[in-house]
Each structure stands twice: as structure tokens, then as C-alpha cells.
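Comments concern the structure below.
Numbers here simply count residues along the sequence, with the first being 1.
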Amino acid sequence: MKFLVLSMLVSLIFTIAIEGIVLWFFTRNSFQPKKDFLMTVLVNIMTNLPASFAAYVLSYYFWDVSWILLQLPIEAVVFAVEIMIYRKLAKELLFGVNYPACYAITANLISWGCGIVYEIVK
């Protein structure tokens, strides 16, 4: 259980760091960079922790299925949920990204890609 919690926290920290860097490119002219980063942190807490737990549970029950095949449906749900949340936040002016769907897709692809590279290298 300790391993699961530690793994989920490491995943969350790296995801927030990577998506925070991507956020900087999308909000360089924002008047609310701290608020934008806080929104990114909160959204990732809501999506990354359940996604990490789901991946763990699925890999336990489907141990003979490729790790990437288990990740694809989980990441698809994360993409959809984050796009909806960021769009709603942007509409309510709580998130300073002009193209929230583009940000969500870009940030998630980059952070997921880094996670795949990490899994291959480790």
C-alpha cells in the first residue's frame, strides 16, 4: 500500500511540474499566473490520483495486458474531463488560457509521453 501511495504522489508531482511548464507557454500574457497554476494543480489532483489508482487496479486484474493498452482508456477519460473543466474555468474567467482544450491536450500528451519514456528507461 505504501508503494501505491508513493507512486501516486510521485506521478502527481511530476505531472504538475510538466503541465506547469506547458502552462507557462500558454499563459505568458496572463494577468493571473498564480491562479492559473493553482487551477492546474487542483484539476490534476482531481484527475491524476484517480487515474493512477485505476491504472494500478487494472494492472492488478489484467496483469497479462500491455501497460500502454491499459493506459489508453484511462488517459482518454482524463483528456475529456480536463478539457471540460478547463473550458468551464476559462468561460468563468478563472483560468487565463485562451485555448483551454488545446492546453489540456498538449499538457496531457507531453506529461503522458514523459511517463511512458520513464517507464521504458527505468
Side-chain angles (χ1 to χ4, degrees):
M1 188 60 144
K2 262 187 191 177
F3 174 76
L4 173 61
V5 172
L6 181 62
S7 175
M8 290 172 65
L9 287 175
V10 168
S11 172
L12 178 64
I13 290 167
F14 278 111
T15 299
I16 290 171
I18 292 165
E19 293 191 16
I21 293 167
V22 174
L23 178 70
W24 181 80
F25 286 101
F26 277 82
T27 60
R28 284 187 287 181
N29 297 324
S30 174
F31 295 107
Q32 54 186 20
K34 289 179 184 175
K35 185 189 274 187
D36 293 338
F37 184 72
L38 177 63
M39 291 299 131
T40 299
V41 169
L42 294 175
V43 168
N44 276 287
I45 289 171
M46 292 187 317
T47 58
N48 187 283
L49 294 177
S52 295
F53 184 73
Y56 175 79
V57 170
L58 285 175
S59 67
Y60 178 79
Y61 287 105
F62 300 101
W63 55 269
D64 57 340
V65 177
S66 169
W67 176 79
I68 290 181
L69 290 178
L70 293 175
Q71 286 285 316
L72 288 174
I74 296 169
E75 284 300 319
V77 171
V78 169
F79 274 54
V81 169
E82 287 193 9
I83 287 170
M84 289 187 308
I85 293 171
Y86 286 132
R87 278 186 172 167
K88 182 163 179 55
L89 290 173
K91 187 180 273 187
E92 295 176 10
L93 302 176
L94 295 173
F95 191 60
V97 173
N98 291 331
Y99 303 100
C102 186
Y103 165 70
I105 291 168
T106 303
N108 278 289
L109 281 174
I110 291 172
S111 65
W112 189 54
C114 289
I116 289 173
V117 169
Y118 171 76
E119 287 296 322
I120 291 170
V121 171
K122 81 170 187 178

- Query: Can you name the nearest heavy-atom pair linking Lys35 to Leu94, along with the distance?
  - Reply: CD-O, 3.5 Å
Result block: side-chain N/O donor-acceptor pairs under 3.5 angstrom for residues 49-56, not counting sequence neighbours:
| from | atom 1 | to | atom 2 | distance (Å) |
| --- | --- | --- | --- | --- |
| Ser52 | OG | Asn48 | O | 3.0 |
| Ser52 | OG | Asn48 | OD1 | 3.3 |

- Task: Linking directly or through intermediates, with side-chain heavy atoms under 4.5 Å: list the remaining ILVMFWY members grouped with Leu109, chain and number order.
- Result: Phe79, Ile83, Ile105
- Scan residues 76-95 for pairs that pass side-chain hydrogen bond (donor to acceptor under 3.5 Å, both in side chains), counting only residues two or more places apart or in two chains. Thr47-Glu82, Glu82-Asn108, Lys88-Glu92
- Item | Stepwise side chain to side chain contact (heavy atoms under 4.5 Å, CB included) test for Tyr118 and Phe14 | CA-CA 11 Å; Tyr118 171 76; Phe14 278 111; over 6 Å; no
- Answer whether the closest heavy-atom distance between the side chains of Thr40 and Asp36 falls below 4.5 Å. no
- Leu12, Ile116: one ILVMFWY side-chain cluster at the under-4.5 Å cut-off? yes
Would you list the atom pairs, donor with acceptor, under 3.5 Å between side chains in residues 60-75 and any protein atom, with sequence neighbours excluded?
| from | atom 1 | to | atom 2 | distance (Å) |
| --- | --- | --- | --- | --- |
| Ser66 | OG | Ile68 | N | 3.4 |
| Gln71 | OE1 | Trp112 | NE1 | 3.4 |

- Message: Can you tell me how far apart CD (Gln32) and CG (Leu93) are? Round to the nearest 0.5 Å.
- Response: 7.5 Å
- Message: I'd like to know if Val77 and Met8 are part of one continuous hydrophobic network [Ile/Leu/Val/Met/Phe/Trp/Tyr, side-chain heavy atoms within less than 4.5 Å].
- Response: yes
- If you group Ile, Leu, Val, Met, Phe, Trp and Tyr by side-chain heavy-atom gaps below 4.5 Å, do Met46 and Tyr103 land in one group? yes
Side-chain polar contacts of residues 17-26 - donor-acceptor pairs under 3.5 angstrom, sequence neighbours left out - could you list them?
| from | atom 1 | to | atom 2 | distance (Å) |
| --- | --- | --- | --- | --- |
| Glu19 | OE1 | Asn44 | ND2 | 3.0 |
| Glu19 | OE2 | Ser111 | OG | 3.1 |

- Item | Pairs satisfying salt bridge (Lys or Arg N to Asp or Glu O under 4.0 Å), at least one member in residues 99-119, at least two apart | Glu119-Lys122
